[in-house]
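What follows is a single structure, written as structure tokens, with notes after it.
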Amino acid sequence: MAKFFILIGPPGAGKGTQAKIVAEKHGLVHISSGDLFRENLKNQTELGKQAQGYISRGELVPDDLTIRMVRERISRPDCQKGALLDGFPRTPAQADALAGMLKEFDSKVELVPLIEVPTEILIERLSGRWTCRAQGHVFHEKFNPPQKTGICDFDGSELYQREDDQKATVVNRIKVYSEQTAPLIEYYNSRKLLVRIDGTKSIEQVTKELLSVIEKV
Ligand code: AP5
Ligand code: MG
């Protein structure tokens, strides 16, 4: 049966950083709803155009658009063994929709690691983040610098600063997380799927903890 894991945590908690490493170690597909939206923005698809305003304001894209996009991604053959979801679900309605679609594929959510990091640290992490244009690899000018400034270590593509990483937008994204996504903590806790991870530790230490909880499943 396919195994699905969900990483939750506020903006800048390290979901993308960890998902790339952990998915590769476990042969899982990494699905980042944010990366999917950014791909659509780059290609100026209809979905990209509809999502653009929400993303640049740091608001959530409406559930129906988001669910449709993720559903299409999860239906692809490479997800037959499962996937590590990063940034989806982000509302209880999305979580219900996910449970429904996984049921159709005779599958379910196995575990939901929550990466916890206090707000002051999140702001510092996002203001120094550099993201790879090709595949969304992430670096930090101080905490995880690339070998060559402005170039991705993994695929040689250009690194850029996300438009929504400006301070005012970051503050709004954190607020949106506490209002609209934090209810998922109780949602998954009551289903005995939540496990808390201290995201203030080093990238390597957080990876170690995540691998250890995932391996137990
Ligand atoms: P999305 O792309 O998902 O952004 P996010 O949730 O705000 O999360 P981030 O990508 O900013 O942070 P992260 O946790 O991945 O941290 P990272 O690993 O990069 O979503 C963007 C937008 O798309 C949303 O605002 C919304 O509009 C829309 N959207 C997406 N999904 C949606 C959904 N489901 N529903 C509706 N709308 C949706 O790390 C951050 C930085 O910290 C990096 O520089 C990294 O190098 C550094 N770092 C990481 N770990 C550590 C560590 N342990 N120590 C020191 N530095 C670290
Ligand atoms: Mg991310």
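We number each residue from 1, following the sequence as shown. Worth knowing before you read on, the calculation uses all heavy atoms, side chains too, and leaves out hydrogens, waters and symmetry mates. Start at 1 and go down the list; that is how both ligands and their atoms are numbered.
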Report, in ascending order of atom number, the atoms of ligand 1 lying under 4.0 Å from any heavy atom of [X].
| X | answer |
| --- | --- |
| Thr66 | 33 (C), 34 (N), 35 (N), 36 (C) |
| Val138 | 18 (O), 19 (O) |
| Gln94 | 33 (C), 34 (N), 35 (N), 36 (C) |
| His140 | 44 (O), 46 (O) |
| Gly87 | 31 (N), 32 (C), 33 (C), 34 (N) |

Check: [X] N/O within less than 3.5 Å of ligand 1 N/O:
| X | result |
| --- | --- |
| Val61 | yes |
| Arg129 | yes |
| Phe37 | no |
| Gly14 | yes |
| Arg38 | yes |
| Leu126 | no |
| Thr17 | yes |
| Gly58 | no |
| Ser33 | yes |
| Phe143 | no |

If you take the nearest heavy atom of each of Arg162, Lys15, His137, which one is closest to atom 10 (O) of ligand 1?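 Result: the heavy atom closest to atom 10 (O) of ligand 1 is in Arg162.
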Distance to 0.1 Å, residue and atom name: give those for the protein heavy atom nearest to [atom].
| atom | answer |
| --- | --- |
| atom 6 (O) of ligand 1 | Arg90 NH2, 2.6 Å |
| atom 12 (O) of ligand 1 | Gly12 N, 2.8 Å |
| atom 52 (C) of ligand 1 | Arg125 NH2, 3.3 Å |
| atom 15 (O) of ligand 1 | Gly16 N, 2.9 Å |
| atom 26 (C) of ligand 1 | Glu59 O, 3.4 Å |
| atom 11 (O) of ligand 1 | Arg173 NH2, 2.5 Å |

Using a strict threshold of under 4.0 Å (side-chain N to carboxylate O), is an ion pair present between Arg162 and Asp164?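 Yes, this pair counts.
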Pair Glu141 + Arg129, salt bridge at N-O below 4.0 Å: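 Looking at Glu141 and Arg129, the cut-off is not met.
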Sequence neighbours left out, what passes salt bridge (charged side-chain N to carboxylate O under 4.0 Å, His left out) with Asp35? Give chain and number order. Arg38
In terms of hydrophobic clusters joined by side-chain contacts under 4.5 Å, are [X] and [Y] together?
| X | Y | result |
| --- | --- | --- |
| Leu36 | Leu28 | no |
| Val206 | Phe5 | yes |
| Leu65 | Leu85 | yes |
| Leu102 | Val217 | no |
| Phe4 | Ile185 | yes |

Begin from the C-alpha positions of Lys3 and Glu110 and carry the test salt bridge (Lys or Arg N to Asp or Glu O under 4.0 Å) through to its verdict. CA-CA 6 Å; Lys3 289 188 170 170; Glu110 303 287 338; 5.7 Å; no
Check whether the side chains of Asp96 and Tyr187 place a donor and an acceptor atom closer than 3.5 Å, and report yes or no. yes
Is a donor on one side and an acceptor on the other found under 3.5 Å between the side chain of Gln180 and the backbone of Val176? no
Is the Lys NZ or Arg CZ of Arg57 less than 6.0 Å from the centre of Tyr54's six-membered ring, within 45° of the axis? yes
Applying a strict 4.0 Å limit to heavy atoms, is [X] in contact with ligand 1?
| X | answer |
| --- | --- |
| Ala13 | yes |
| Lys201 | yes |
| Gln205 | no |

Which residue is it: Gln80, Lys81, Arg73? I am looking for the one with a side chain to side chain contact (heavy atoms under 4.5 Å, CB included) to Val29. Arg73
I need the single residue from Leu193, Val195, Ile6, Leu194 that forms a side chain to side chain contact (heavy atoms under 4.5 Å, CB included) with Leu111. Which is it?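 Among the candidates, only Val195 passes.
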Residues which pass ring pair (Phe, Tyr, Trp, His ring centres under 6.0 Å) with His30, listed by chain and number, not counting sequence neighbours: none
Tell me which part of [X] gets within contact of ligand 1: side chain, backbone, both or neither, using heavy atoms under 4.0 Å.
| X | value |
| --- | --- |
| Phe139 | backbone |
| Ser202 | backbone |
| Ile55 | both |

Test log, rule salt bridge (Lys or Arg N to Asp or Glu O under 4.0 Å), inputs Glu104 and Arg71: CA-CA 11 Å; Glu104 281 174 43; Arg71 182 186 182 69; 2.9 Å; yes
